[in-house]
Amino acid sequence: MAGRPINVRWRLEDESGDLVAADVGTAVTAVVVDGSGAQLVTGQALQDGANAGVYLFSVPPQSRLDLLSVTFAGTLGGQTVTGTEQVQLVDRRVVPLSVLRQDQALSALPLLDFLRIVDAAEDAITNALRFSPVLMGERAEWRSRECVRLFVPGIYYLHQIYALTRNDQDQLTGLPGSDPAQGVHVRDEAIERGYGYNFGTGYYDPILGVYAVPWLPGVYKGWVCHGWTETPADLAKAVLLLARHLAQTGATAYPDRATRIMTEQSEIWFSTPNGADRPFGLPEVDGVIVRYRVPEPLADDRGAF
């Protein structure tokens, strides 16, 4: 997460997939680049405790959310071996781990299994929603018509813009409220769900009923921060229920793909994933997803209106 050191681990494996230590007397290095490919930091990765073949590199705290790439390089049998790990910086978890740990089924899991299942549940929920329920950074490029509201295709709930160019010319400098160190926060109370964004005070549009800045046509490139700043209670419960389901699936006596079970005394029917309205087959989870899910991006979106 942003604002704190990020420990990134890399597994050095041989051709059989077994963990092996780097050649004696050689160092494992790490190079960190941001979403634009610019190098942020480089240094030596250290062995992760007694885990031979596992190397750890601590990335310094980052003030802005972005997708980082950490490329490791080590020497094995005289040959250089490389591998890249990606790190998506977010402002928080969808649900705090401390809250999920209070659940009886999840608290019984070993720590690594607990983290793996929570990650799987949060990723599945995010994919089903089609937007990020936490703040995250993203780089985007799109072609726009002339417009009074700038639209970033595929981005919902825009929160902040760190950088924005049109035809490779800076578009944030001079905007009211812009700060080179922080970018510009989005001010758009009149338009819901991120279909259009206005920045600062330009002219008042009586039809739209908002203050708007005219945007010229061209190719825009943006580094943006988007998502929710808080998780609604029902969505937090949905993450918990899905994580609990994933934790218990391996322990159930029923086949994972079964739709019904017949015994001598009864017949049991299972709710299973089936189409857009039942992505998980768990009614309490599916209902929340359908409530908050955003539309699929339009194929002919051109970035403005």
Side-chain angles (χ1 to χ4, degrees), residues 1-102 106-124 126 132 134-139 162-163 181-182 223 225 227 239 243 246-247:
M1 289 184 281
R4 65 184 66 178
I6 309 152
N7 292 323
V8 184
R9 288 175 173 81
W10 179 55
R11 295 167 58 90
L12 179 56
E13 302 174 347
D14 60 18
E15 295 180 352
S16 301
D18 296 325
L19 285 173
V20 290
D23 291 352
V24 176
T26 64
V28 173
T29 59
V31 178
V32 183
V33 300
D34 65 13
S36 71
Q39 182 174 309
L40 296 178
V41 64
T42 184
Q44 181 177 341
L46 303 177
Q47 182 172 302
D48 185 15
N51 300 318
V54 180
Y55 293 89
L56 178 69
F57 184 75
S58 183
V59 181
Q62 303 295 308
S63 61
R64 295 182 175 185
L65 303 176
D66 201 359
L67 178 63
L68 307 182
S69 294
V70 185
T71 300
F72 293 86
T75 304
L76 187 61
Q79 302 294 320
T80 300
V81 179
T82 63
T84 300
E85 302 290 337
Q86 290 194 319
V87 180
Q88 178 69 68
L89 298 181
V90 296
D91 71 322
R92 59 189 173 84
R93 304 289 304 223
V94 181
V95 183
L97 295 179
S98 58
V99 173
L100 296 175
R101 255 314 197 190
Q102 295 175 14
L106 296 178
S107 64
L109 296 171
L111 178 59
L112 292 180
D113 290 340
F114 167 73
L115 294 175
R116 175 179 55 81
I117 285 175
V118 171
D119 285 343
E122 291 189 346
D123 289 345
T126 299
S132 174
V134 299
L135 291 180
M136 63 177 290
E138 188 166 338
R139 311 272 179 157
Y162 300 131
Q182 299 297 329
W223 176 16
C225 168
V239 173
L246 295 177

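Every heavy atom of this structure was used, including side-chain atoms; hydrogens, water molecules and symmetry mates were not. Note that the structure is a prediction, hence the values are computed from the model and not measured. Just so you know, residue 1 is the first one in the sequence shown, and it goes up from there.
- Atom-to-atom distance recorded for Leu56:CG and Gln47:CD is 10.5 Å, nearest 0.5 angstrom.
- At distances below 3.5 Å, at least one donor-acceptor pair connects side-chain atoms of Gln62 with backbone N or O atoms of Pro60.
- Across all non-hydrogen atoms, the minimal contact from Ile117 to Ala243 is CG2-O, 3.4 Å.
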Let's go through Tyr162 and Asp66 carefully: what are the C-alpha distance in whole Å and the side-chain angles of both, what is the deciding distance for side-chain contact (heavy atoms from CB on, under 4.5 Å) to 0.1 Å, and is it a yes or a no? CA-CA 10 Å; Tyr162 300 131; Asp66 201 359; over 6 Å; no
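- Using bins of under 30°, 30° to 60° and over 60° for the plane-to-plane angle, the ring pair Tyr55/Trp10 lands in the tilted bin.
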List the steps, then state whether side-chain contact (heavy atoms from CB on, under 4.5 Å) holds for Gln86 with Leu67.
CA-CA 7 Å; Gln86 290 194 319; Leu67 178 63; 4.1 Å; yes
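- The two residues Ala121 and Leu246 come nearest to each other via the heavy atoms N-CD1, 3.9 Å.
- Residue Thr42 comes nearest to Ala30 through the heavy atom pair OG1-O, 3.0 Å, listed as atom of the first residue, atom of the second, then distance.
- Side-chain contact between Leu115 and Leu97 is present, with at least one heavy-atom pair separated by less than 4.5 Å.
- With rounding to the nearest 0.5 Å, the separation of CG in Leu68 from CD1 in Ile6 is 5.5 Å.
- You'll find the side chain of Arg93 reaches within 4.5 Å of the side chain of Asp119, heavy atoms only.
- Shortest non-hydrogen contact noted between Leu19 and Gly53 is CD2-O, 3.7 Å.
- Counted by atom type alone, Asp34 and Ser36 present one or more donor-acceptor pairs between their side chains at under 3.5 Å.
- In this structure, Gln44 and Phe57 approach most closely via the heavy-atom pair O-CD1, 3.6 Å.
- We find the OG1-CG distance between Thr80 and Asp23 to be 9.5 Å, quoted to the nearest 0.5 Å.
- The 12-atom threshold is not exceeded at CD of Glu15, counting heavy atoms of other residues, nucleotides or ligands nearer than 6.0 Å.
- Interatomic distance, OG1 of Thr82 versus CG of Leu12, reported as 10.5 Å (0.5 Å rounding).
- When all heavy atoms are compared, the tightest approach of Arg101 to Leu106 is NH1-O, 3.0 Å.
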Can you check side-chain contact (heavy atoms from CB on, under 4.5 Å) on Arg11 and Asn51, steps first, answer last? CA-CA 10 Å; Arg11 295 167 58 90; Asn51 300 318; over 6 Å; no
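- Here the CG atom belonging to Leu76 is positioned 11.0 Å from the CD atom belonging to Glu13, to the nearest 0.5 angstrom.
- A distance of 8.5 Å separates CE of Met136 from CG of Leu65, quoted to the nearest 0.5 Å.
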